[in-house]
J.: 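Here you go, one structure.
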Amino acid sequence: MQYIRPTDGGRRSRLAFGFLSILIVFAALSAPVVAQDVVADTPADTTAVSHVPAPATSVVVDDYKYDFGDRLNLSWVPSIDDQIGERMVLGYIVYRSINGGEFKPLESLLPGASSFEDKDLHADSSYVYYVAAFSETDTVPSIHTQAHQPEREFIHFDLLWLFVIAALISFSVIYFIWMARAGKDLFVRKIAGLDAVDDAIGRATEMGRPILFIPGIQDMDDVQTIAGLTILGRVAKQIADYDTRIRMPVSRSLVMTAARETIKAAYQIAGRPDAYSDDMVNYVTDEQFGYVAAVDGIMVRERPATIFLLGAFFAESLILAETGNSVGAIQIAGTARPAQLPFFIAACDFTLIGEELFAASAYLSGEPKQLGSLKGQDVGKGIAMAVILIGVISVTLGKAFDIEIFNWIADALSTVFSKAGGS
Amino acid sequence: MFWEHFAVWVAAFLTLGIYSFLYKDNPWYKLCESIFVGISAGYWFVTLFWDNIYGKFWVGVFPPTHVNELGESVRTAQPDYWLLVGAVLGLLMLLRLVPKIGWLSRWSLAFIVGATAGFYLINYFSSNVMRQVQDTIMPLFGSGFDASAYVIIGNIVVAVGTFTGLIYFFFSKEHRGAFGFSAKVGIFFLMVTFGASFGYTVMSRMSLLIGRIDFLLSDWLGLIR
Amino acid sequence: MSTRIKEILVVALVLVFCAIIYIGKVSGWMKGVTFSPAVSMIVIILLAASLAVILVLTIRGRLVGRRTVFVYVGIAVALPLFMSISQYIPISPEVRTLHDGLEDLQDGSKVLVSFDYDPPSAPELQPMAESFFRYCMDRDFKIVIMGLWPQGPLQANQAMEKVLEDPKYAAKNYQYGVDWVNLGFQTGNEFVIQRMGTDFRSMFATDYSGANYETLPIVKNVKNFSNVDYVFNLSAGYPGTVEWVQVAVDRYGVKLGAGNTAVQAPQCYPYLRSGQLIGILGGMNGAAEFEKLTGHEAKGTKFMLSQSFSHMIVIAFIIIGNVAFFMGGRKKNLSV
């Protein structure tokens, strides 16, 4: 980048005069700062050498809000010789002194810069800065800032609204869990796909073919697997009632143990513990596509009448659903992985979309924790819906008719949620 | 030179073997699949061992030393003894193999689930909920809103789609009447989204096929100039 | 002769044929094939005509099997690679904003590129990586590479090698450690990004080749995200762009642009609208658009013709399939 120095001597004189005036005003205003340390190279010399640039002024150091006490913000008014077009200043150098020590150059900045963020500081040290504007031939320092220590804040108040809204939803979850435990009947609407479960099991019974249950490929720490196993409890009870066969290949050892327990309990509730066998559930492999190959083989060989695909699925979803479709099985699928839902919707007869999987699990189990979580999340969704509705109406009416109250509401909501979003 | 030719032929042989499944399941495909499964499992094992157990834990706790200009042996970094806590939790996970004390593995699992849930709560709530709700608050039309028809339609689709989508996933009220109609509109938007997503997937899969066919025709057979 | 023996014979014949072509390539008498525009048009017309025939057959109740669909897709992908016709590529707003974001950077800026994919996604993402590197070198950017996927840094090295094969970029004399560096892979998914927000060195004590972080001039003053000017994420899934947005953008305020596989791109569009992402290159299409904007038309552009042809075939078979469905032949006559 090429910087052209001004050649108009008259202009330089005016600039030097302007600079002197500013310096005098600034010195008067910031007497204590100047008192602490006077710059060695006094800018007054610039009157003698006309091409020396004016220094940066109003150099202020502030604490960086909401940090670990390791940052300071430095800001200044750029030199009056730093203007677009005829620029004499080629840049600025920030100097820093730690705990009254020697000033050392810290950073070189481009012309036009008016701030600098100093990072990696220590909260127990004090820092003094000055900014030197430099031209091709000269460097002119500003006056020094006051000594400043970075402060550490323990609460990030910019995220207050995030905390408030998250706390509201969390308390709703706890409240509804408590209500469910107290025996209060919490309403959850019926999930469409669940109606098909009974029919699908009946179909397998009539055809004399097995039911295949795939709980996804994740372990017991994934809530989708847990939801899948909860639905398995209900399915297994019906299977026990109808005396149908169930096959459940799994890809995790813990899931195998949990699934066996679930089916065993369902058979006991159905009054047929003797019909239960550990062979109903078998571990295959943790390897994703190895598992898929094995399950595909089972589908092709045993041709199940009904297949449940309920849990966390990844790239194997379409392969499994396609193979199940090709053997003519009724398929009921459900996952909360958005990327896999289109494949299930395309290749399966019924699909529990996203949160419907958890809702189905809560609905079937009636477990207080699941019901409470579901209801608490509904509170969150209610808040989101209300904010979107009020916000969109307000901003639209505000723009259309320029009514101040609507503009104010829209701005307030937008500010609250932008703060909550951490921006 | 020989190994370059050999490598290209092996890659071509495996690619064709996998694609032979499109005709039907066959021994060539099974061979290629077994090689793939075996190599990927081995690769992951080696990678995770050297990156986690050695690269992170061992090097973290016992940093390597080097000799400086004065001939002194100095550590390249300070030892991070917090990693020992992670190592203990990792060992507890292995206790699943001992049924009597297998319950101890739950502590590690509880730590993982708790820490991850806390981390995700903030991330998802902030990025995927709050920011998105804020972004949905936008004007749909109006004299003071200087926008093209394209932008206005886009805003309406986003606002209506988000609102009705939320209604569909609201489980505390039966889908009847106006609420039910809104839920139907919501599922319509969801289906359009899934369709678009499926379309993108087709594009993605085609890209992979193009990549392999380009390899076969260009790198292997040299048929493409 | 049994079916199995016939199949083995066909495979053997194909392999022998390929071996002859390969020998031709190695010995130099096989120079490759290119269709002239006229031949290309004839091929396109023949392809369209055959699809029309299939449609007529479907209407008459004779359905084609899935293998026919596979063959058509294969042809649609392979033949355009020989064609000498080009395709008009319009620039989408998300690619333009990504490019504009890069244009706003000063020459010599420091960019962090995270390679979060592996070879299966390379056909889509490698063209993006190569054109991004070319752009960076045009602007003298300093490039810091890392990966949250084990094979990501390998992909980065391949892309860099490919770019440096070009004499124009080789002449730039990009020095490893000074102008670019590969910090390698680190396990920990989004937690790696979180730690990088406070200290890069805690996650990458050494680079890909084992050199100490402090000895690399390019990262000497790079403590955390605030010391890089732009982050570009090439992602094929988890961990990827979603995690970079949630942690690096929303917690540390980095400027983030992303190149995604087409499967993942739809999940990232909401972040674009809300301003959390500067721009997205979605799939091969995004790669081609970026190549066009940066003036380096390469593999992304070359492959777009195949992409378009294959899409036309898919659309054609969706129509044919629906015709078959509505004519009631779905269950009765479907041959596999």
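A note on names: the letters A, B, ... follow the listed sequences, proteins ahead of strands, and every chain is numbered from 1. In this text the structure is predicted, and so the values were computed from the model without any measurement.
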J.: Just checking, is any N or O donor in the side chain of C/S274 or B/R131 under 3.5 Å from an acceptor N or O on the other one?
T.: no

J.: Please flag which part of C/F303 lies under 4.5 Å from any non-hydrogen atom of chain B: side chain, backbone, both or neither.
T.: both

J.: Please classify the contact between C/Q267 and chain B as side chain, backbone, both or neither, with a heavy-atom cut-off of under 4.5 Å.
T.: neither

J.: Heavy-atom pairs under 4.5 Å with chain B: which of C/V77, C/N285, C/V242 has the most?
T.: C/V77

J.: Will you find, in the side chains of C/Y117 and C/Q126, an N or O donor that is under 3.5 Å from an N or O acceptor?
T.: yes

J.: Which bit of C/V249 comes within less than 4.5 Å of chain B, counting heavy atoms only: side chain, backbone, both or neither?
T.: neither

J.: Quick one: which of C/A262, C/A122, C/G32, C/G184 has the most heavy-atom pairs under 4.5 Å with chain B, could you say?
T.: C/A262

J.: Please name the pair of heavy atoms, one in C/M128 and one in C/G283, separated by the smallest distance, quoted to 0.1 Å.
T.: CE-O, 3.0 Å

J.: Where does B/V158 contact chain C at under 4.5 Å (heavy atoms): side chain, backbone, both or neither?
T.: side chain

J.: Ring centres under 6.0 Å, that's the criterion: do B/W107 and B/F111 meet it?
T.: no

J.: Given a strict heavy-atom distance threshold of 4.5 Å, which part of B/L216 is in contact with chain C: side chain, backbone, both, or neither?
T.: neither

J.: Are C/D250 and B/S127 linked by a side-chain donor-acceptor pair shorter than 3.5 Å?
T.: yes

J.: Picking from B/G211, B/G60, B/S204, which has the most non-hydrogen pairs under 4.5 angstrom with chain C?
T.: B/S204

J.: Between chain C and each of B/W9, B/Y124, B/F215, B/Y19, count heavy-atom pairs under 4.5 Å; write down the option with the most.
T.: B/W9

J.: When only pairs under 4.5 Å are counted, which of C/M284, C/R273, C/Q194 shares the most heavy-atom pairs with chain B?
T.: C/R273

J.: Flag the one option from B/K56, B/M203, B/M206 with the top tally of heavy-atom pairs under 4.5 Å to chain C.
T.: B/M203

J.: Could you tell me whether C/E214 and C/R201 have a side-chain N and a carboxylate O separated by less than 4.0 Å?
T.: yes

J.: Any donor-acceptor pair under 3.5 Å linking the side chain of C/E291 with the backbone of C/T301?
T.: yes

J.: With a 4.5 angstrom heavy-atom cut-off, which part of C/S121 approaches chain B: side chain, backbone, both or neither?
T.: backbone

J.: Kindly check if the number of other-residue, nucleotide or ligand heavy atoms within 6.0 Å of OH (B/Y54) is above 12?
T.: no

J.: Looking at B/P63, B/G222, B/S218, B/S207, which makes the most heavy-atom pairs under 4.5 Å with chain C?
T.: B/S207

J.: Donor-acceptor pair, distance only, cut-off 3.5 Å: does the side chain of B/N155 make one with the backbone of B/P139?
T.: yes

J.: Does the side chain of B/Y200 come under 3.5 Å of the side chain of C/Q264 through a donor N or O and an acceptor N or O?
T.: no

J.: Answer with side chain, backbone, both or neither: which region of B/R212 has an atom nearer than 4.5 Å to a non-hydrogen atom of chain C?
T.: neither

J.: Under a 4.5 Å heavy-atom cut-off, does chain B meet the side chain of C/F309, its backbone, both or neither?
T.: neither

J.: Please check if any side-chain donor atom of B/Q132 sits under 3.5 Å from a side-chain acceptor atom of C/Y271, or the reverse.
T.: no

J.: State whether a side-chain donor-acceptor pair under 3.5 Å links B/S20 with B/N26.
T.: yes

J.: Go through C/K31, C/R251, C/K302, C/H311 and name the one with the most non-hydrogen pairs under 4.5 angstrom from chain B.
T.: C/R251

J.: Given that the side chain runs from C-beta out, which part of B/T47 has a heavy atom under 4.5 Å from chain C: side chain, backbone, both or neither?
T.: side chain

J.: Hey, which of B/I213, B/L221, B/I122, B/V202 has the most heavy atom pairs under 4.5 Å with chain C?
T.: B/L221

J.: With a 4.5 Å cut-off on heavy-atom pairs, point out which of C/V263, C/V245, C/T261 contacts chain B the most.
T.: C/V263

J.: For residues C/Y213 and C/F204, establish whether the separation of their ring centroids is below 6.0 Å.
T.: no

J.: Identify which part of C/P80 has an atom lying under 4.5 Å from any heavy atom of chain B, answering side chain, backbone, both or neither.
T.: neither

J.: Heavy-atom cut-off 4.5 Å, strictly under: side chain, backbone, both or neither for B/L217 against chain C?
T.: side chain

J.: In terms of heavy-atom pairs under 4.5 Å, which option from C/M30, C/M203, C/Q186 contacts chain B the most?
T.: C/Q186

J.: Is it the backbone or the side chain of C/V33 that comes under 4.5 Å from a heavy atom of chain B, or both, or neither?
T.: both

J.: Among B/N128, B/V59, B/T136, B/V8, who wins on heavy-atom pairs under 4.5 Å with chain C?
T.: B/N128

J.: Any side-chain to backbone donor/acceptor pair from C/T215 onto C/A211? Under 3.5 Å, distance only.
T.: no

J.: Need one label for B/D80: side chain, backbone, both or neither, based on atoms under 4.5 Å from any heavy atom in chain C.
T.: neither

J.: Judged by modelled atom types alone, do C/T206 and C/N212 share a side-chain donor-acceptor pair under 3.5 Å?
T.: no

J.: Considering only heavy atoms, which portion of C/A265 lies under 4.5 Å from any heavy atom of chain B: side chain, backbone, both, or neither?
T.: side chain

J.: Show me the donor-acceptor pairs within less than 3.5 Å that the side chains of residues 6-23 of chain C make with the rest of the protein, sequence neighbours left out.
T.:
unit_1, atom_1, unit_2, atom_2, d
C/E7, OE2, B/Y23, OH, 2.8
C/E7, OE2, B/K24, NZ, 3.2
C/Y22, OH, B/H5, ND1, 2.5

J.: Using non-hydrogen atoms and a 4.5 Å limit, figure out which bit of B/P27 sits close to chain C: side chain, backbone, both or neither.
T.: side chain

J.: Side chain, backbone, both or neither: which part of B/F198 has a heavy atom under 4.5 Å from chain C?
T.: neither

